[in-house]
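Since the structure is predicted, the reported quantities are computational estimates derived from the model, not experimental observations. Chain naming here is simple, since letters A, B, ... match the order of the sequence lines and numbering starts at 1 in each. Below, each value reflects all heavy atoms present in this structure, side chains not excepted, and no hydrogens, waters or symmetry copies.
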Amino acid sequence: MLDRKFIVENAELVKQNCRNRGVAADIDRFVALENERRLLQVEVEELNRKANEVSKSIGKAKDAGEREARKEEGRMLRERTNEVRTKLDELAAELDGIHRSIPNLSHPDAPVGEDDKSNLEVARGKTPLPKFDFEPLDHVALGERLDLIDFEGGARVAGHGFYFLKNEAVLLELALQRYALGVLMAEGFTPMTTPDLATNEVLEGTGYIPRGPETQIYSIENQNLSLVATAEITLGGLLAGQTVDADALPLKLCGISHCFRTEAGAHGKESRGLFRVHQFTKVEMFAFTLPDDSEAMLGHLRDLECRLFDGLEIPYRVVDTATGDLGGPAYRKFDLEAWLPGRGGFGEVTSTSNCTDYQARRLNARFKVKGEKGTRFVHTLNGTAVAISRALIAVLENYQQADGSVVVPEVLQAVVGKERIEPRS
RNA sequence: GGAGAGGUGGCAGAGUGGUCUAAUGCGCGGGUUUGCUAAACCCGUGAGCCUGUAACUGGGCUCCGCAGGUUCGAAUCCUGUCCUCUCCGCCA
């Protein structure tokens with residue numbers, strides 16, 4: 001969420017930002033309601049002040065008659081307060097609805113455009129695009145030939161979008177996790193395994209919508225819990241309602257979780273194979289920083305994503321995400337798109353965002369500087385280290401050989417325990 | 001899942017309808033004393049929001065897990081709910 005006062009004082013800027021992002025939010029109405037809300041709040045507080053005064057005077061009343069008269073006065077005041085407060089609550093509810101729909105501001109350098117066609121390529125990985133002297137297969141065909149993925153079994157058990165990993169694919173998953181943790185721990189990230197469920201308040205705080213027709217989220221019946229779509233949710237929730245000492249920042253965490261996504265409305269185009277699935281495992285980076293440090297931290301997370309894929313020797317490009325393609329909480333976002341020979345194009349494998357204080361305000365995550373009065377909101381950032389399903393696609397497709405085998409990336413060989421995955425006889 | 005106990009400031013912990021403007025201790029900040037340090041003593045010490053003045057000193061509302069209720073008035077009484085702890089059951 002943006003600061004209410006900021007929206008009122010910068011209505012034009014906020015409106016323009018909504019236009020850039022393709023978000024319809026009635027800023028004019030928000031400003032009008034907010035101004036009215038403040039007047040009502042002053043009125044309620046004034047009535048409360050009077051009622052408190054009256055209540056205090058009752059204990060000191062001289063006789064029963066005076067006491068009764070004062071009680072009556074108190075009753076009237078409380079009644080009036082309730083009327084005004086009811087109006088205030090109604091106003092606040094409508095205000096909140098608009099407030100939640102207003103996206104974060106956008107970094108001035110982020111490309112302006114309505115969708116991913118406006119994303120701007122800003123860098124390339126170290127590894128050149130592979131040249132095959134044979135027709136490369138996609139990961140579905142490779143997975144079948146090497147007996148690595150069972151989509152039919154997954155569908156039988158849980159429906160389309162679920163799968164079993166088998167054999168070396170399992171070891172690849174572990175190796176990718178171990179590899180990512182190794183790189184991140186050396187950079188001072190605290191490794192964590194995280195809950196795969198979170199309360200709906202935490203989901204909303206991080207900008208996810210637990211229910212409704214468009215939701216990406218699986219919710220648990222009769223419980224205030226949902227399956228997480230990413231450890232960003234739980235790691236962000238870690239500081240919900242907390243105030244940390246400024247000295248404790250930045251906090252760099254990396255969390256392993258399963259990720260569950262309904263992918264409502266996303267069927268069709270990329271629904272084949274592992275690219276868009278309902279469940280996958282992910283190592284996620286998350287950082288809480290001081291406001292002045294978040295921009296540098298975004299660069300840090302982006303560098304790490306690049307290092308991880310350079311280390312895997314997989315070719316990729318980095319794109320600066322266009323305003324219309326940013327999620328609500330993101331101020332700026334870089335996606336890393338790996339070269340996927342199976343489709344002959346780039347596909348998003350990781351993503352890192354600076355959410356500035358947008359999530360922190362909703363989560364109420366603050367920091368305090370020793371000796372200074374008051375508290376301020378922290379900044380939050382997230383970035384994918386490795387999303388296993390998509391990383392698997394990139395590995396299998398880029399490392400495939402003419403004889404049908406797949407070479408294991410050097411950095412994964414120790415955990416996988418072999419240099420090459422051969423077709424089964 | 002069952003039974004019991006409990007959720008109060010950074011922490012510990014008192015507070016059973018109005019003097020709670022939440023005691024006290026610890027911690028923390030500042031000061032006095034003092035070769036240095038320590039001790040002792042003194043003073044101070046929460047957050048959010050609204051609002052004020054040209055500016056400074058200000059003024060007010062809310063917050064005792066959370067949400068309701070009773071009352072002129074609730075940390076305190078009532079209802080619901082969440083969480084924590086102990087014991088029991090089940091269990092990787």
Side-chain angles (χ1 to χ4, degrees), chain A residues 1-9 30-96 99 193-205 210 219-226 234 237-249 251 256 258 288 291 357-378:
Chain A
M1 284 195 279
L2 297 179
D3 181 44
R4 285 198 309 251
K5 210 180 279 181
F6 179 90
I7 298 169
V8 170
E9 285 165 6
F30 183 91
V31 171
L33 286 173
E34 172 63 8
N35 286 328
E36 195 182 337
R37 190 195 63 79
R38 277 192 216 167
L39 291 177
L40 286 177
Q41 180 173 341
V42 171
E43 196 180 339
V44 166
E45 287 180 1
E46 177 61 15
L47 285 164
N48 262 339
R49 191 187 62 73
K50 282 186 189 152
N52 288 342
E53 223 168 61
V54 169
S55 291
K56 270 179 204 158
S57 75
I58 288 173
K60 296 170 198 143
K62 286 194 265 312
D63 54 65
E66 187 187 334
R67 186 168 298 136
E68 282 312 312
R70 305 243 82 187
K71 275 192 190 181
E72 184 53 31
E73 193 182 342
R75 261 192 289 270
M76 304 263 292
L77 277 167
R78 297 286 172 183
E79 208 174 293
R80 177 86 190 110
T81 308
N82 282 339
E83 284 168 22
V84 181
R85 186 185 298 282
T86 303
K87 240 197 297 180
L88 182 77
D89 289 346
E90 285 168 9
L91 220 70
E94 186 182 348
L95 212 41
D96 189 57
H99 199 179
T193 60
T194 61
D196 284 340
L197 286 83
T199 64
N200 293 331
E201 288 72 32
V202 169
L203 261 80
E204 283 166 14
S219 52
I220 306 295
E221 194 175 16
N222 299 327
Q223 302 248 271
N224 187 33
L225 291 169
S226 298
T234 40
L238 208 52
L239 284 195
Q242 305 290 303
T243 303
V244 297
D245 208 286
D247 298 340
L249 299 174
L251 221 53
I256 302 176
H258 295 111
F288 296 98
D357 61 3
Y358 189 90
Q359 289 177 324
R361 184 168 287 108
R362 209 178 274 188
L363 288 167
N364 194 22
R366 301 162 176 272
F367 71 92
K368 178 169 179 59
V369 179
K370 257 203 180 75
E372 274 183 22
K373 193 98 178 132
T375 57
R376 294 170 62 196
F377 292 109
V378 301

If the threshold is 4.0 Å, N to carboxylate O, is there a salt bridge linking A:Arg80 and A:Glu83?
yes
If pairing requires Watson-Crick or G-U wobble contacts with both distances under 3.5 Å, which nucleotide is the partner of B:U86?
B:A3
Non-hydrogen side-chain atoms of A:Val84 and A:Leu47 separated by less than 4.5 Å:
yes
If the C1' atom of B:U34 is compared with that of B:C42, how far apart are they to the nearest Å?
16 Å
Side-chain N or O of A:Arg78 closer than 4.0 Å to phosphate OP1/OP2 of B:G73
yes
Could you tell me which nucleotide pairs with B:U33 by Watson-Crick or G-U wobble geometry, both distances under 3.5 Å, or answer none if nothing does?
none
How far, in whole Å, is B:C50 from B:U45 if one measures between their P atoms?
24 Å
Taking only the side-chain nitrogens and oxygens of A:Asn52, find out if one of them lies under 4.0 Å from OP1 or OP2 of B:G60.
no
Would you mind reporting whether A:Lys5 and A:Arg38 have side-chain heavy atoms less than 4.5 Å apart?
yes
Starting from P on B:C50, measure out to CG on A:Asn48 and report it in whole angstrom.
16 Å
Quick one: do the A:Asn364 and A:Gln242 side chains pair a donor with an acceptor below 3.5 Å?
no
Please state the C1' separation for the pair B:C26 and B:C87 - nearest whole angstrom.
32 Å
Of A:Lys368 and A:Ala51, the one whose nearest nucleotide on RNA chain B sits closer to the 5' end is A:Lys368
Pairwise P distance for B:C61 and B:G73, with rounding to whole Å:
15 Å
So does A:Thr375 get a side-chain nitrogen or oxygen closer than 4.0 Å to the phosphate oxygens (OP1/OP2) of B:G48?
yes
Determine the Euclidean distance between corresponding P atoms of B:A23 and B:A75; express it in Å to zero decimal places.
15 Å
Nucleotide paired to B:G44 in any strand shown, Watson-Crick or G-U, under 3.5 Å:
B:C28
For B:A40 versus B:A47, give the span between their P atoms, rounded off to a whole number of Å.
28 Å
Under 4.0 Å between a side-chain N or O of A:Lys50 and OP1 or OP2 of B:C61?
no
Before accepting this row, confirm whether a basic side-chain N of the pair A:Lys71/A:Glu68 lies closer than 4.0 Å to the acidic partner's carboxylate O.
yes
